[in-house]
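Written out below as structure tokens is the structure these notes cover.
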Amino acid sequence: MDLQTQMKKAVADAAISEVKSDMILGLGSGSTAALMIKSLANEIHSGKLQNIRGVATSFQSEVLALELNIPLIDLSSVSQIDLAIDGADEVDPKFQLIKGGGACHVREKLVAYKANQLLIVVDETKLVQSLNKSFPLPVEVLPNAWKQVQEVILEMNGTSSLRMANKKAGPVVTDQGNLILDVLFNDGIKNPKEIEMGINNIPGVLENGLFVDITDKVLVGKIENNNPVVYSPSKVS
Ligand code: 5RP
């Protein structure tokens, strides 16, 4: 296992140690969340965790949970989720996030907002001092609006590109059937709440990957003396 996967596996396992029987769990998306879902399945099938129900944040997490026989319930049929566990692409010292590297941020945000607690699991390469200096902000747009949205983002000093698919000609199509613009602002994002709201106000935008003032706890995996270790940084206020 490469070093980054070792860090991801360590945080994924640490996150599952925070899960208790009878919980409704938000199941995040991405490679770290997938390791967390596998670890959850092990605990369920060994009998350590009972009566767990998962709410998927994407087709990816839904398919994986089904393959691993984790009971699922639909987002619309739950009034609240006890704990959502998800990965992130960037985490700043105030626990503001960029998500959506896997184009799943719409459902991830819906699940996060319904959760009593949002636990973010990352390896230490995801920690940044300031958001959007290098990782572009994913913005989900209606298919026939992407050009128009791109022009408005340009007026906001952001350059964007339409995310293209691998192993399929043309753009990435999201779980909702929309497209993704990846946006870099000239000076990065210093005011995440303002940018989150400003982008969502553009006609044709469904949702963007800024998760602001919603993360309760972050678990970080790093390598120390050739071994993966996990720590939980304090949020800077
Ligand atoms: C998907 C996400 C993922 O959580 C994020 O991209 C991190 O993924 P990974 O754990 O593979 O680095 O937001 O939309």
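We use all heavy atoms of the structure for the numbers below, so side chains are in, but hydrogens, waters and symmetry mates are not. Counting starts at 1 for both ligands and their atoms, in listed order.
Under the 3.5 Å distance criterion, with hydrogens and angles disregarded, a donor-acceptor pair is assigned to the side chains of Asn200 and Glu207.
The two residues Asp22 and Arg53 come nearest to each other via the heavy atoms O-NH2, 4.3 Å.
If you look at ligand 1, the protein residues with a non-hydrogen atom under 4.0 Å away are Lys8, Ser29, Gly30, Ser31, Thr32, Asp86, Gly87, Ala88, Asp89, Lys99, Gly100, Gly101, Gly102, Ala103, Cys104, Glu108, Lys126.
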Next on the checklist: Test side-chain hydrogen bond (donor to acceptor under 3.5 Å, both in side chains) on Lys190 and Ser130; report intermediate values, then the result.
Outcome noted: CA-CA 7 Å; Lys190 298 198 177 75; Ser130 185; over 6 Å; no
Next on the checklist: Please determine whether side chain to side chain contact (heavy atoms under 4.5 Å, CB included) holds for the pair Val55 and Leu27, giving the CA-CA distance in whole Å, both sets of side-chain angles, and the decisive distance to 0.1 Å.
Outcome noted: CA-CA 6 Å; Val55 179; Leu27 305 178; over 6 Å; no
Item to check | Derivation and outcome, salt bridge (Lys or Arg N to Asp or Glu O under 4.0 Å), residues Asp182 and Arg163 | outcome: CA-CA 6 Å; Asp182 286 309; Arg163 193 182 297 180; 2.9 Å; yes
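Contact of the Leu127 side chain with the Val220 side chain is registered, since non-hydrogen atoms from C-beta on lie closer than 4.5 Å.
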